[in-house]
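Here is the structure we will look at, set down as structure tokens.
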Amino acid sequence: MDLTSQVHTFFVNRIYNSKFLVKALLFALFISLSSAYAQETTSYSLINESNAGLLKRAELLMDTDVITSIELSKALLLQAQSADDTLLSAKLHNLLGKANKKNNNINESLHHFLQSSVYYSKLNDLRNQIKASINYINILLEEKRYDELTTRIETLLPTTLVYGDDFFIAQVLLTKGDSFYEQKKYNDAITQYSSALKYLVNKDEQIQKQLGETYKKLAQSYKRLENREQTAHFYTKALEIYTNLDDLKLMARTLNTLAEAQRYLDNLVLALDYSTRALEIHKEIDDPVGLAKALLGAGIIYRHINLYEKSLKHINEAYLYYKKVNNVLGIAKTSNQMGLLYTRLKQFDQAEIFYQITIDLPKGMVEEKTLASALREMAVINYESGDLVSAMQYAKKAYVTYKNKNLTSYISITARIIANIYRAQGNKNKAIKYYKESLSFARETGSKLYEIKSLTALAGILIGIDTNEAISLLKRSLALSTEIDDKLHMLYAYREIRIAEKQRGRLDESLRYAEEEIALTEIIQYERDESKLALEKAHLHLHKMEVELETLREKEKLHQLELEKKNNEIEISGQARVISELELAKNKYASIALAFLLAACLAIVLLFYWFIEALLPLKNVMKS
């Protein structure tokens, strides 16, 4: 049998061999299954890698193209939900919450943050669940959805306490406090802020900044409650934190608010000290808005200590800044302050110019309270100058604004101004009506001073109409004035009671109150002298501070000059060192060159010597 036939026979036999056939089939099946599994694994890996990359891309797009970020995230979310990928779904809901918030889709944002919290809850990932929930409640706060916010916080707070992260607990409590603050429930806000303090004990910079912010919120809450001592206390605590953090911007701004708090406490020297420090820091940093506020605050303090020229300078600087940047609110506030300053200086024409600036600002862009203040002060100026018609127009406009805003203390003041105008016009019935309204709103505010002013004004017009009622009101005014130790209003009460008693024919009582009036006048004069002395001390303190600051500036200039001198000396020394090194290098290279030259010369000499030596035998041969 030839070779071809043998090969053919071999393969035919093998093909019909059942064992071989089964083995071949099994081997082929194994190869196919392995290939399919490898393809499936590779495909799954590629999908996962693709989703991670797309998620990262969606996150990056949120800052540059939020619409595309939202669309991409939604597409990915559908895939994740189809694949039942809980973790990816949680992340995408969180991203969609942030993106929709940035795009001002508030309801969508809330939906996604809530869903993110639910998905993280399924994963038992408490940390991210709480973070998503905190984002959710912060949006509710921004949207002023207080009832829903309260319900969510009551659910979230126990979970946060179980997790035990102090910073998260503090954030929830602070959000709750902010909710109360915005609803003007300041005592409730203080309770929440105070509770948050217990969880802000870590020395981490982020925690310390939050601690400083919480102290500031406590100060602001007490400020709204007109608790000046606590306001100053917590601003001082905030200042300590910002000083430890060496945050110059926050230090300067807090010093300014602390100066204001001390001014309300009538600690003018201390207020001036804080204000000066704030201005000095602002000169070192780039914070024009903060500087303008500090200038305005300093100007008000200077006005209180009768340094009108300095007051005018500082407030005018703030006014010019606000005008430059077209900050309408700032223009209105500084214009009003300039008006107050010129009113104090009895320069009413100038005062009117600045109040009119506030009044003429675009409607709707000025705070109604600020605008009403300008209108009210214009009413007073026109009343004092005898233009009762204009005075009434301005006063009524201010009155309507205060009524609409339900600002009871300002309603009381303005109603009293309107009553004064009606009294000057001879309309006693209308005057009595508005004096009574002023008294009613004064009592509503709880301010004893406002009540005293309204009582005395109402009693004054009732003398001769209902003298017994007038005396009753005046005695109430006198009692309140004595209670708060306001001697000036005690004096007004004594004077009006003296007149009323004389009207009733009770001359002995009238004489007794006249004696009280004279004695109190002497005490008030003494206190005025003491007050002048205190002002002089404040002026002296200011002068001392200015001298010290100037000395410090001069020292700083000298220090800078010395530093520059030393730097120049170092530079000269460095240059001398470089020159010296260059000289050394030059000498080194000259020495090397000389050595090479000497070597070359020596080589030439040796070569010449060798050449002579080589010629001598030749010379001898030629001779022979």
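Because the structure is predicted, anything quoted here is derived from the model rather than measured.
In summary, the aromatic rings of F348 and Y342 are positioned with their centroids too far apart to meet the 6.0 Å limit. Ring centers of Y186 and F180: at least 6.0 Å apart, outside the cut-off.
In terms of the side chain to side chain donor-acceptor pair (under 3.5 Å) criterion, Q171 has no residue partners (sequence neighbours excluded). Partners of E229 under the side chain to side chain donor-acceptor pair (under 3.5 Å) rule, at least two apart in sequence or in another chain, do not exist in this structure. Shown here are the salt bridge (charged side-chain N to carboxylate O under 4.0 Å, His left out) partners of E226, two or more places apart in sequence or in another chain: there are none.
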Report task. Could you go through the side chain to side chain contact (heavy atoms under 4.5 Å, CB included) check for L218 and S194 one step at a time? Result -> CA-CA 8 Å; L218 279 163; S194 300; 3.8 Å; yes
Requested in this report: Take Y399 and E437 through the side-chain hydrogen bond (donor to acceptor under 3.5 Å, both in side chains) test and state the conclusion after the steps.
Outcome: CA-CA 12 Å; Y399 176 79; E437 186 174 355; 2.4 Å; yes
Requested in this report: Kindly indicate, with the supporting measurements, whether the criterion side chain to side chain contact (heavy atoms under 4.5 Å, CB included) is fulfilled by I153 and I137.
Outcome: CA-CA 7 Å; I153 285 177; I137 63 172; 4.1 Å; yes
Query raised in the report: For K217 and D178, what are the C-alpha separation, side-chain angles and deciding distance, and is it a salt bridge (charged side-chain N to carboxylate O under 4.0 Å, His left out)?
Result: CA-CA 9 Å; K217 287 179 176 181; D178 290 343; 3.0 Å; yes
Requested in this report: Check step by step if salt bridge (charged side-chain N to carboxylate O under 4.0 Å, His left out) holds for E501 and R512.
Outcome: CA-CA 10 Å; E501 291 291 5; R512 183 169 70 83; over 6 Å; no
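Neither side chain, E444 nor S440, offers a donor N or O lying under 3.5 Å from an acceptor on the other. Checked by atom type, the side-chain pair N429/Y422 shows no donor-acceptor distance below 3.5 Å. Using a 3.5 Å distance cut-off with no hydrogens or angles, the side chains of S477 and T456 do pair a donor with an acceptor. One side chain, S412 or S438, offers a donor N or O that lies under 3.5 Å from an acceptor on the other. In this structure, a donor-acceptor pair under 3.5 Å is present between the side chains of N336 and T358. Side-chain contact annotation: N420 with Y434, donor-acceptor N/O pair under 3.5 Å absent.
Here the closest non-hydrogen pair linking T175 and N138 is OG1-OD1, 3.2 Å. The heavy-atom pair separating Y199 from A170 by the smallest distance is CB-CB, 4.1 Å. Shown here for Y322 and V289, the closest heavy-atom pair between the two residues is OH-O, 4.4 Å. In plain terms, the two heavy atoms of L141 and E182 that are nearest each other are O-OE1, 3.8 Å. Residue I301 comes nearest to R263 through the heavy atom pair CG1-CD, 3.7 Å, listed as atom of the first residue, atom of the second, then distance. Closest heavy-atom contact between A332 and L361: CB-CD1, 3.7 Å.
Ion pairing of R145 with E148 is present here, as a side-chain N (NZ or NE/NH1/NH2) and a carboxylate O approach within less than 4.0 Å. K176 has no carboxylate O lying under 4.0 Å from a charged side-chain N of D188, or vice versa, which leaves the two without a salt bridge. Using a 4.0 Å cut-off between charged side-chain N and carboxylate O, K283 and E280 make a salt bridge.
When the shell of 6.0 Å around CZ of F234 is examined, it contains more than 12 heavy atoms from other residues, nucleotides or ligands. More than 12 non-hydrogen atoms from other residues, nucleotides or ligands lie less than 6.0 angstrom from CG of N468. Heavy-atom contacts from other residues, nucleotides or ligands closer than 6.0 Å to CG of N404 number more than 12. At most 12 heavy atoms of other shown residues, nucleotides or ligands fall within 6.0 angstrom of atom NZ in K397.
Relative to the ring axis of Y264, R228 places its NZ or CZ within 45° and under 6.0 Å from the centre.
To the nearest 0.5 Å, atoms CD1 (I106) and CD (E142) are separated by 7.0 Å. Here NZ of K293 is found 8.5 Å from CG of N256. Values are rounded to the nearest 0.5 Å.
Of the possible donor and acceptor atoms, none in the side chain of Y222 sits under 3.5 Å from a partner among the backbone N and O of H233.
Here the options are D287, T243, I285, the test is side chain to side chain contact (heavy atoms under 4.5 Å, CB included), and the partner is L248; only I285 passes.
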